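Indexing begins at 1, ligand by ligand and atom by atom, following the structure's order. All heavy atoms count here, side chains included; hydrogens, waters and symmetry mates do not. For this chain, numbers begin at 1 and follow the sequence in order. Because the structure is predicted, anything quoted here is derived from the model rather than measured.
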Amino acid sequence: MPKRFNNKIVLITGGSSGIGHATALAFAQEVAKVVVADVVDNRDKETVKTIKDKSREVAFIKTDISKPTDVENMVKTTVETYGRIDILFNNAGIAGFPVRLAELSVKDWDRVIDINLKGVFLGSKYTIPVMLEQGKGVIINNASSSGITPIPRVSVYAAAKAGVIQLTKAMAIEYGGDNIRVNCICPGFIETPMTSIIIPPDSESRDYSHLWPLTKPGNPEDIAKAALYLASDDSSFVTGTSLVVDGGWLAGTRLPLPRGS
Ligand SMILES: NC(=O)c1ccc[n+]([C@@H]2O[C@H](COP(=O)([O-])OP(=O)(O)OC[C@H]3O[C@@H](n4cnc5c(N)ncnc54)[C@H](O)[C@@H]3O)[C@@H](O)[C@H]2O)c1
């Protein structure tokens, strides 16, 4: 097992669940020191406990990513504890509200934008000065395939994630000369607590065979592997990109022709 992240300091927002949880474990497996920041701290015990049980170093900072004072504290505490931030994974997010645009309340619009888009801005805003001081750093944002091609009833989620993709490019061109790489991941449908709310795992409508070429849902580890690639020196010439990890969903619509025709 390669140890690409030996003693690297990795800050992961939304690390208590789903993709953030799997990514925290994957970094810990490669001997990174992981800081989990999440608004929820009860589920975090699972992430932190699992990492501690493997005798790896981990810390937790309760953080609402939409609140500037919380995010400032998240960065300050990480630097006080470990002295630096090598990798920031802006991962925290919420699913949004499954209604058509006119039925979406202004409050719900603001909530999704505040967490899914402003949260990425805040995480980056307070971390970048630390990375500038260090002379290097890597930022990975968790966007979505919906930020490229929306599905129905996700208008604000899609708009926020499209914003994350553009923010990624803007940060990449602004800070490339400072040795800070910024990329995003666009997951397709990944089985996590977030998607379980939308389609329960035992639901009959959970037949993916017609939806995307690889005919199965992704799992959080699929996204963790993409995050580790973008965080590692394997991607040292990669910045400003959106890595789509979606089982081929965005490759195109498949005509329902009979097999063999
Ligand atoms: N699961 C998918 O199919 C999928 C697809 C595309 C993109 N994504 C994105 O991946 C990211 C992780 O999603 P997931 O599927 O693992 O969901 P999840 O619900 O399992 O995990 C999200 C985590 O973010 C935390 N969080 C929510 N609001 C927060 C806030 N204000 N401050 C700090 N933490 C907060 C939650 O407590 C939770 O631990 C999200 O940004 C999501 O939009 C997920």
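Judged purely by atom type and a 3.5 angstrom limit, Thr241 has no side-chain atom pairing as donor or acceptor with the backbone of Leu243. Checked by atom type and distance alone, the side chain of Gln134 pairs as donor or acceptor with a backbone atom of Ile85 at under 3.5 Å. In this structure, Asp178 contributes its side chain and Ile180 its backbone to no donor-acceptor pair below 3.5 Å. Side chain of Ser235 to backbone of Val238: no donor-acceptor contact under 3.5 angstrom is found. Checking side-chain atoms of Thr63 against main-chain N and O of Ile65 turns up no donor-acceptor pair under 3.5 Å. Judged by distance alone, the side chain of Ser16 and the main-chain N or O of Asp41 form no donor-acceptor pair under 3.5 Å. For Asp70 (side chain) and Asp64 (main-chain N/O), a donor-acceptor pair under 3.5 Å exists by modelled atom type. Remark: side-chain polar atoms of Thr149 are not paired, donor with acceptor, to backbone N or O of Ser146 under 3.5 angstrom.
Shown in contact with Asp64 at under 4.0 Å from a heavy atom are these atoms of ligand 1, numbered in order with element: 30 (C), 31 (N), 32 (N). The contact set between ligand 1 and Phe189, taken as ligand atoms under 4.0 Å from a residue heavy atom, comprises 3 (O). Near Val40, meaning under 4.0 Å from any of its heavy atoms, are these atoms of ligand 1: 37 (O). Contact atoms of ligand 1 toward Pro193: 20 (O) (distance under 4.0 Å to a heavy atom of the residue). Each of the atoms 16 (O), 20 (O) of ligand 1 lies under 4.0 Å from some heavy atom of Gly18. Each of the following atoms of ligand 1 lies closer than 4.0 Å to a heavy atom of Gly14: 23 (C), 24 (O), 25 (C), 39 (O). Shown in contact with Gly188 at under 4.0 Å from a heavy atom are these atoms of ligand 1, numbered in order with element: 2 (C), 3 (O), 4 (C), 5 (C), 6 (C). If you number the atoms of ligand 1 from 1 as listed, the ones under 4.0 Å from a heavy atom of Gly93 come out as 22 (C), 24 (O), 27 (C), 40 (C), 41 (O).
Between Leu228 and Phe5 the shortest side-chain heavy-atom distance falls below 4.5 Å. Ile19 is listed as a side-chain neighbour of Asn91, based on a closest heavy-atom distance under 4.5 Å.
When hydrogens are left out, the protein atom nearest atom 18 (P) of ligand 1 is Ser17 OG, 3.5 Å; that is the closest non-hydrogen contact. Looking only at heavy atoms of the protein, atom 39 (O) of ligand 1 is closest to Asp38 OD2, 2.6 Å. Regarding atom 40 (C) of ligand 1, its nearest protein heavy-atom neighbour is Asn91 O, 3.2 Å. Considering only non-hydrogen protein atoms, atom 14 (P) of ligand 1 sits nearest to Thr192 OG1, 3.6 Å. Protein heavy atom closest to atom 19 (O) of ligand 1, with residue, atom name and distance, is Met194 CB, 3.6 Å. Shortest contact from atom 44 (C) of ligand 1 to any protein heavy atom: Ile19 CD1, 3.8 Å. Nearest to atom 10 (O) of ligand 1 among the protein's heavy atoms is Asn142 ND2, 3.0 Å. Closest to atom 33 (C) of ligand 1, if we only count protein heavy atoms, is Thr63 O, 3.1 Å.
Using a 4.0 Å cut-off between heavy atoms, Ile115 contacts ligand 1 through its side chain alone, with no backbone atom that close. Residue Glu191 does not touch ligand 1, judged by heavy-atom distances below 4.0 Å. Residue Thr195 touches ligand 1 through its side chain alone, judged by heavy-atom distances below 4.0 Å. Residue-level proximity to ligand 1 for Ser145 is absent, since no heavy atom of it falls below 4.0 angstrom.
We find the CG-CZ distance between Asp86 and Phe27 to be 10.0 Å, quoted to the nearest 0.5 Å.
With salt bridges taken as basic N to acidic carboxylate O contacts below 4.0 Å, one links Asp234 and Arg4. A salt bridge links Glu80 to Lys76: at least one charged side-chain nitrogen sits closer than 4.0 Å to a carboxylate oxygen.
One option in Asn141, Val39, Val245, Val36 has a heavy atom closer to atom 34 (N) of ligand 1 than any other, and that option is Val39. Residue Ile94 holds the heavy atom nearest to atom 28 (N) of ligand 1 of all those in Asp70, Thr23, Ile94, Ile223.
Under the 30°/60° scheme for interplanar angles, the aromatic rings of Trp212 and Phe189 are found to lie parallel.
Ligand 1 is approached by Ala143 to a heavy-atom distance shorter than 4.0 Å. Using 4.0 Å as the threshold, Thr13 has no heavy atom nearer than that to any atom of ligand 1.
For ligand 1, the polar-atom distance check against Ala37 finds no nitrogen or oxygen pair separated by under 3.5 Å. Considering backbone and side-chain N/O atoms, Tyr157 comes within less than 3.5 Å of an N/O atom of ligand 1.
A donor-acceptor contact closer than 3.5 angstrom links the side chains of Ser124 and Asn90.
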